[in-house]
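In the text below, chain A, chain B and the rest are named by the order of the sequence lines, each starting its count at 1. Note that the coordinates shown come from a computational prediction; the quantities given were computed from them, not determined experimentally.
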2 protein chains.
Amino acid sequence: MPLKNTGTEQLIKDTTKRLIFAEGKLHATTQEIADAAGVNRTSLHYYFRSRDLLIAAVFQEAMHGLSERLNQCMVSAKPFKQKVEFLIEVFLKDMMAFPYQETFMVTEINTLGKQLVGNIDSVPVKSFLSEVQQEMDSGNLKAMPPSQFLMNLFSLLSYPLIMAPLYKQLFQLSDGAFDELITARKTMIMDLIFNSKS
Amino acid sequence: MPLKNTGTEQLIKDTTKRLIFAEGKLHATTQEIADAAGVNRTSLHYYFRSRDLLIAAVFQEAMHGLSERLNQCMVSAKPFKQKVEFLIEVFLKDMMAFPYQETFMVTEINTLGKQLVGNIDSVPVKSFLSEVQQEMDSGNLKAMPPSQFLMNLFSLLSYPLIMAPLYKQLFQLSDGAFDELITARKTMIMDLIFNSKS
DNA sequence: TTTTATTTTAACATTTTTGTTAAACAAAAA
DNA sequence: TTTTTGTTTAACAAAAATGTTAAAATAAAA
């Protein structure tokens with residue numbers, strides 16, 4: 001552990017996170033990262049040993065943060081509907097700040113594989129899924145396997161953001177107009193999920 | 001144009017398509033592709049000049065095919081609901097045969113950018129979107145911007161497949177069990193999209 | 001102040017992958 | 001058969017990226 005902590009290690013991680021997850025430089029080289037952080041490329045190796053380990057550290061940190069925030073939503077004391085509403089807000093906010101985080105996850109989903117799911121605490125997810133089941137039993141939600149409900153929710157939230165460049169082109173939208181479209185989805189998704197006839 | 005067509009060019013394209021889109025070797029090197037096709041690596045350059053051009057050719061061919069099949073659905077004479085049902089079937093079938101096609105698209109969405117949308121014929125999409133608007137006007141569909149309807153449909157179809165490795169882990173499912181989950185989504189998506197209260 | 005541990009850097013080495021050249025090969029046309 | 005055209009290959013070259021070593025710089029501790 002560093003006695004003389006100069007903050008370089010965190011600077012490198014933060015810079016990598018910004019480059020890859022916010023600016024979309026998914027294949028940023030060690031040189032590009034070092035330049036952006038204003039340090040010598042060797043420092044990356046000094047602190048993280050290899051490029052792969054740096055990326056892994058950054059990704060783990062990001063996933064852990066997001067996972068923690070989502071878990072707070074899932075286990076909060078709010079009524080179910082408010083809980084989902086809050087979850088949508090938290091998730092959308094994160095995704096708009098780091099638009100390429102999920103894209104990166106998709107590209108690395110095979111290499112990271114099981115390690116990825118290891119970063120997700122399954123307890124809050126399971127508790128959330130059983131709450132979904134309860135809501136279905138009481139007729140507040142259309143009956144379906146709770147896993148499908150969860151996939152629906154995240155599909156509707158994530159996919160348009162992942163495909164943003166495509167949809168902007170297809171619908172001929174400016175960045176601002178597209179952001180409005182995404183923001184409008186919050187209530188739309190709530191509607192779609194909660195107001196379906198059984 | 002080759003006088004002595006030995007089929008090597010198409011063999012290389014088909015092998016690349018299989019490696020990348022079906023087997024998920026998203027970063028396959030020219031050597032790996034050549035080996036898989038059983039040809040010398042130089043042949044790749046002879047026919048396509050560079051790796052990038054090969055990939056571009058393969059991707060364009062794949063997108064064009066899918067786009068054509070989707071367009072056939074969109075402009076078919078069927079009633080709206082059957083049309084959507086057919087579209088879901090065609091799309092799911094394609095995605096299950098080439099599970100990494102869309103993942104690849106996500107990763108290359110920035111580099112390919114506008115060129116990508118160029119491969120999509122906008123006429124059938126526009127005609128489909130106006131048909132969606134009609135259905136909303138007649139009260140058969142919950143009112144919302146047609147672009148949102150389209151994004152919802154493709155979100156619900158695509159995202160679970162893109163994230164398959166994650167969901168298999170998270171829900172502890174075998175490949176077979178996951179396939180069932182996906183197959184079950186067909187009717188579930190129809191339900192969700194058509195049976196929402198206005 | 002000297003010593004010590006940590007941090008940072010420059011120079012070098014290696015690996016990985018792509019791209020090029022020129023020659024060998026094969027088959028149809030002259 | 002020889003010529004021509006197209007195809008395939010081996011050997012070489014170059015580029016791009018990562019990883020290593022050893023020395024210089026820095027700041028705290030003795």
In whole angstrom, give the distance that lies between atom [atom1] of [X] and atom [atom2] of [N].
X	N	atom1	atom2	value
A:Phe48	D:dT20	CZ	P	16 Å
A:His45	C:dT9	NE2	P	15 Å
A:Arg51	D:dT20	CZ	P	16 Å
B:Leu11	D:dT7	CG	C1'	14 Å
B:Tyr47	C:dG19	OH	C1'	18 Å
A:Arg49	D:dT21	CZ	P	13 Å

* Asked: Within the structure, does a side-chain N or O atom of B:Thr8 lie under 4.0 Å from either OP1 or OP2 of D:dT7?
  ->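 So the side-chain polar atoms of B:Thr8 never come under 4.0 Å of the phosphate oxygens OP1 or OP2 of D:dT7.
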* Asked: Can you find a side chain N or O atom of B:Tyr46 that sits less than 4.0 Å from OP1 or OP2 on D:dT7?
  ->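 Yes, because at least one side-chain N or O of B:Tyr46 sits under 4.0 Å from OP1 or OP2 of D:dT7.
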* Taking a pair as Watson-Crick (N1 to N3 plus N6-O4 or O6-N4) or G-U wobble (N1-O2 and O6-N3), both under 3.5 Å, which stems of 3 or more consecutive pairs involve DNA chain C? ->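 Stem list for DNA chain C: C:1-30 with D:1-30.
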* Asked: Within the distance-only criterion (no hydrogens, no angle test), does the side chain of B:Gln148 pair as donor or acceptor with the backbone N or O of A:Leu181 below 3.5 angstrom?
  ->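 Yes; judged by distance alone, with no hydrogens or angles, the pair exists.
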* Summary of ring-ring contact (aromatic ring centres under 6.0 Å, His included) pairs that have at least one residue in residues 117-166 of chain B, sequence neighbours excluded ->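 Listed once each, the pairs are B:Phe80-B:Phe128, B:Phe91-B:Phe154.
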* **Of all pairs that satisfy salt bridge (Lys or Arg N to Asp or Glu O under 4.0 Å), the ones with a partner from residues 96-107 of chain A, not counting sequence neighbours** =>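 Applying salt bridge (Lys or Arg N to Asp or Glu O under 4.0 Å) to every pair that reaches into residues 96-107 of chain A, excluding sequence neighbours, yields nothing.
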* To do: Could you list all the salt bridge (Lys or Arg N to Asp or Glu O under 4.0 Å) pairs where at least one residue sits in residues 151-171 of chain B, not counting sequence neighbours?
  =>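 For residues 151-171 of chain B: B:Lys168-B:Asp175.
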* Asked: Which of residues 23-44 of chain A sit near DNA chain C, with a heavy atom under 4.0 Å from it?
  ->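 Correct list: A:Val39, A:Asn40, A:Thr42, A:Ser43.
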* **Qualifying residues under side chain to side chain donor-acceptor pair (under 3.5 Å), relative to B:Glu135, sequence neighbours excluded** =>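 If we apply the side chain to side chain donor-acceptor pair (under 3.5 Å) test to B:Glu135, skipping adjacent residues, the hits are B:Asn140.
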* Which of parallel (below 30°), tilted (30 to 60°) and perpendicular (above 60°) describes B:Phe21 and B:Phe104? ->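 Perpendicular, since the angle between the ring planes exceeds 60°.
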* To do: Under the ring pair (Phe, Tyr, Trp, His ring centres under 6.0 Å) rule, collect the residues that match up with A:Phe178, sequence neighbours excluded.
  =>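 Checked A:Phe178 against ring pair (Phe, Tyr, Trp, His ring centres under 6.0 Å); zero matches.
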* **Which residues share a side-chain contact (heavy atoms from CB on, under 4.5 Å) with A:Asp35, sequence neighbours left out** =>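 A:Gln31.
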Could you tabulate the donor-acceptor pairs under 3.5 Å formed by side-chain atoms of residues 69-77 of chain A, not counting sequence neighbours?
residue	atom	partner	partner atom	Å
A:Arg69	NE	A:Gly65	O	3.2
A:Arg69	NH1	A:Asp94	OD2	2.1
A:Arg69	NH2	A:Gly65	O	3.4
A:Arg69	NH2	A:Asp94	OD2	3.4
A:Asn71	ND2	A:Ser67	O	3.4
A:Ser76	OG	A:Cys73	O	3.0

